[in-house]
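Here is the structure we will look at, set down as C-alpha cells.
Quantities reported herein were computed from a predicted structural model and do not represent experimental measurements.
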Protein chains: 2
Amino acid sequence: MPKEVATAERSPTRRKSGRREEILQIARTLFAEKGFEAASIREIGDAAGILSGSLYYHFATKDDMLDELVRPFVLPLLKQYEVIAHSDAEAPDRLRQMIQFGLQNLVQEPDLLKIVANDRKFFAKSERFSYVEEAWQDIFQIWYGVLQDGVRQGQFRSDLNLHITLRMIIELLNGTVDWFRPDGRFTIEQVIDTQVELLFGGLTPR
Amino acid sequence: MPKEVATAERSPTRRKSGRREEILQIARTLFAEKGFEAASIREIGDAAGILSGSLYYHFATKDDMLDELVRPFVLPLLKQYEVIAHSDAEAPDRLRQMIQFGLQNLVQEPDLLKIVANDRKFFAKSERFSYVEEAWQDIFQIWYGVLQDGVRQGQFRSDLNLHITLRMIIELLNGTVDWFRPDGRFTIEQVIDTQVELLFGGLTPR
DNA sequence: TTGGGCCAAGCAAGCGCTTTTTATGCCTCA
DNA sequence: TGAGGCATAAAAAGCGCTTGCTTGGCCCAA
C-alpha cells in the first residue's frame, strides 16, 4: 500500500521510497560537474552515502542512470523548440524567443543542459544514446529554418553564410553553459539581453 | 673513466632519429580527438606500432608528452595576441585581426588548439599545467582591453555588457574548434568573414 | 516473516608506469 | 678487417591502482 507514490509503476525497484530519485539527482550533479565518463560510480556512491555496489540495487548500469536523466529532458526540449519555431510570429521574434528559451533552460536545468552540451562526443559515439545527437541535428534544422525565414522576409541580412551563422549561434548558447553561474555577477536576463542585442545589432553603433 | 656517465647528458635520447617527434605527433592527434585523459597510452602505443611500455623509453610520463606539445604552443599564442592588441591600429581593426589570427590558428594548428580549448578543465585542476589556464586569463584581459578601447572611441556600442560580450566572442572562437574542418564545405576565410561580419554588423540589415 | 535496502567482498578489464631483457645497428681499435 | 663494446629502440612481463559491475548475505521495518 503505497503512501504518496509519484513514480508508481509495476516494474520492480521503482515502487516507492524516493531514494532512487535522490541518487539520480546526485548523479545528475556529478555528471554535469565532471562529465559523464569522468564521474565514477564510486563518487556517486560516496555522495549518496552508500557503497558503489549498492547503487546496482537501484540501477542496472551507469548508462541507465544517464538515460533516465537525459531522455525525459531532451525530447521535450526538442519539441519546445519546434513549437516556438513554428509559431506565426515574425522570424526575428521567433529567434529571440528561442535564444531566450535556450538560456532560460540554463537557469532551470543547468545540470542537464551541461550534460547534453558537454558530453556530445560521448553521446555521438554511443549507439544507445544516438537519440541525443539526433535531437541536436533536429534542433539545428529548426534554427536553420527560422534563419532562412528571416532572410526571405528581408528581416535578416542575406550576405551572411547561414550555415556558419547557425553554428555560431549554437556554439554561443552551448558555450554559455560553461561560464554562466546563476549566483554570479550577471542575471540570466542580462545575458539574454546582451546576446540578443549583439546578435541582432552587432558591435558597431548604428 | 667514469662508469655511469652514459645516460642523460647534454642531449638525452634526443640527438636524432625523429622517432620521438613521430610519437609526439601521434599523441597530439589522439589528445585532440579524444581529449587528453580519454586518450590512453596504450592507444598511443598502438597507433605508433609499439607497446605502451616502450613509450617510456622516449618519455618519462604521459604528462610530459602533453607539456612538450602544449607549452611551446601556448606561450607564443599569448604573445602574438599581445602584439596585435597593442598595435596602434584602431580598436575594430585590432579586434578583427585577433579574430582572424585565432581562426587562422585553427587551420595551422588545429590539434593543439583543440587540446588547449577542450581540456581546459583538466589544465585548470592540474598544478603542473596551471600556466595554460593563466594564459587563458591573460588572453581574456587582452581581448577585454581592445573592447574597452573601442567603446571609449565610440567605435563599439556602449550599451552592451562588455564582460558578457567578451565571453561570447571567446566561446565563439573556441566553439569553432569543434565543428570546423579544413576539408569541409567552408574555407577558413569564409568563416572569418562571416564571424567578423556578424559580430560587427549583427543579423539585422542596415 | 518477508522483502526492501544496503554492506562486504571481490572480479575482470583497463589505467599509467616500471623493470628486465632482447635485437640491431654503429664505432673503435688491435 | 673484424671482434668487442656501446647506443638506440622495442618487447615482455608485471606492478599498484581504478573502473564498472556482481554476488551473497545481513538487518530491520512492515
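Centroid-to-centroid, the aromatic rings of A:Trp143 and A:Tyr81 come within less than 6.0 Å.
Nucleotide D:dT22 holds its P atom 11 Å from the CG atom of A:Asp64, rounded to whole Å. When rounded to the nearest whole Å, the span between CD of B:Glu22 and P of D:dT8 equals 17 Å. Between the CG atom of A:Leu55 and the P atom of D:dT23 there is a distance of 16 Å, given to the nearest Å. Rounded to whole angstrom, the span from the CZ atom of A:Phe122 across to the P atom of D:dT19 amounts to 16 Å.
Among residues at least two apart or in separate chains, salt bridge (Lys or Arg N to Asp or Glu O under 4.0 Å) pairs with a member in residues 96-107 of chain A are A:Asp93-A:Arg96. Within the structure, salt bridge (Lys or Arg N to Asp or Glu O under 4.0 Å) contacts touching residues 23-32 of chain A (residues at least two apart or in different chains) are A:Arg28-A:Asp111.
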Point to revise | Summary of protein contacts for nucleotides 6-18 of chain C, nucleotide by nucleotide, where a base hit scores B, a sugar-phosphate-only hit scores S (4.0 Å, heavy atoms) | key: SBB------BBBB
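Closest approach of B:Val107 to B:Phe180, counting heavy atoms only: CG2-CE2, 3.9 Å.
Residues A:Asp67 and A:Tyr131 bring a donor and an acceptor atom of their side chains to less than 3.5 Å of each other.
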Practice item. Check the pair B:Arg181 / B:Phe186 against side-chain contact (heavy atoms from CB on, under 4.5 Å), numbers first and verdict last. Key: CA-CA 8 Å; B:Arg181 305 270 172 281; B:Phe186 313 117; over 6 Å; no
